[in-house]
Amino acid sequence: MKQIPKGKVTTYKMIAERLDTKAYRAVGSVCKRNPYAPVVPCHRVVKSNGEVGNYSGSGGVKKKISLLKKEGITVRNNKIVDFDKKLFEF
DNA sequence: CTGTTGACTCCGG
DNA sequence: ACCGGAGCCAACA
């Protein structure tokens with residue numbers, strides 16, 4: 001996740017595949033309770049269908065969206081605009 | 001050690 | 001578009 005550049009996002013699916021596993025859930029699960037909270041941009045990780053997904057920070061999903069927007073990503077209805085273009089490929 | 005639970009995804013109805 | 005079930009793995013009680 002640390003390689004995700006500002007203004008881009010990735011999906012739980014990709015991360016799982018990159019890890020050579022199908023534990024998509026575990027990825028999000030670990031992210032949620034990740035001890036690297038400040039050093040890892042978990043808010044740049046979204047669902048594979050382009051939805052923002054969830055967030056456990058203060059403000060919840062709303063906060064996540066504002067963070068993404070602040071980094072140049074447009075979100076509408078919990079969906080990433082131009083998802084395919086903002087998507088970061090490993 | 002044995003359940004649950006959950007920032008997920010895929011497939012069928 | 002919406003719902004249910006299966007698959008997978010880590011954290012937690």
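Within every chain, numbering begins at 1; the chains are lettered A, B, ... in the order of the sequence lines, protein sequences first and strands thereafter.
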Trainee: dT9(B) C1' sits how many Å from Glu51(A) CD, rounded?
Mentor: 12 Å

Trainee: Closer than 3.5 angstrom, by distance alone: can the side chain of Lys64(A) be matched with the main-chain N or O of Val52(A) as a donor-acceptor pair?
Mentor: yes

Trainee: Is a side-chain donor or acceptor of Arg44(A) paired with a backbone partner of Ile4(A) at a separation under 3.5 angstrom?
Mentor: yes

Trainee: Reading DNA chain C in the 5' to 3' direction, which nucleotide is the first one with an atom under 4.0 Å from a heavy atom of chain A, and which is the last?
Mentor: dG7(C) to dC12(C)

Trainee: Starting from P on dA7(B), measure out to CD1 on Ile4(A) and report it in whole angstrom.
Mentor: 19 Å

Trainee: Measure from NZ on Lys13(A) to C1' on dC11(B) and round the result to the nearest Å.
Mentor: 13 Å

Trainee: Using the rule given for side chain to side chain contact (heavy atoms under 4.5 Å, CB included), can you reason through Lys63(A) versus Ser66(A), listing the C-alpha separation, both sets of side-chain angles and the distance that settles it, and then say yes or no?
Mentor: CA-CA 5 Å; Lys63(A) 181 68 177 180; Ser66(A) 46; 4.1 Å; yes

Trainee: Check this one for me: any side-chain N or O of Ser48(A) less than 4.0 Å away from OP1 or OP2 of dC10(B)?
Mentor: yes

Trainee: What's the CG-P distance between Asn54(A) and dT9(B), to the nearest Å?
Mentor: 12 Å

Trainee: Atom OH of Tyr12(A) and atom C1' of dG6(B): how far apart are they, to the nearest Å?
Mentor: 11 Å

Trainee: If you count every heavy atom of other residues, nucleotides or ligands that lies below 6.0 Å from Asn77(A) atom CG, does the total exceed 12?
Mentor: no

Trainee: Select one nucleotide: of dC8(B), dA7(B), dC10(B), the one nearest the side-chain heavy atoms of Lys47(A).
Mentor: dC8(B)

Trainee: Could you say whether Asn49(A) or Ala26(A) is positioned toward the 5' end of DNA chain B, judged by the nucleotide with the nearest heavy atom to each?
Mentor: Ala26(A)

Trainee: In whole angstroms, how far is the C1' atom of dA7(B) from the CD1 atom of Ile65(A)?
Mentor: 13 Å

Trainee: Would a 4.5 Å heavy-atom cut-off, applied to side chains only, mark Thr11(A) and Asn49(A) as touching?
Mentor: no

Trainee: Identify the residue among Ile73(A), Leu68(A), Thr10(A), Val46(A) that makes a side-chain contact (heavy atoms from CB on, under 4.5 Å) with Lys86(A).
Mentor: Ile73(A)

Trainee: Could you state the OH-P distance from Tyr24(A) to dG6(B), rounded to the nearest angstrom?
Mentor: 21 Å

Trainee: Give the C-alpha distance, both sets of side-chain angles, the deciding distance and a yes or no for side chain to side chain contact (heavy atoms under 4.5 Å, CB included) between Phe90(A) and Ile15(A).
Mentor: CA-CA 9 Å; Phe90(A) 283 104; Ile15(A) 295 174; 4.2 Å; yes

Trainee: Rounding to an integer number of Å, can you tell me how far Asn34(A) CG sits from dG6(B) P?
Mentor: 18 Å

Trainee: Does dC8(B) have OP1 or OP2 under 4.0 Å away from a side-chain N or O of Lys32(A)?
Mentor: no

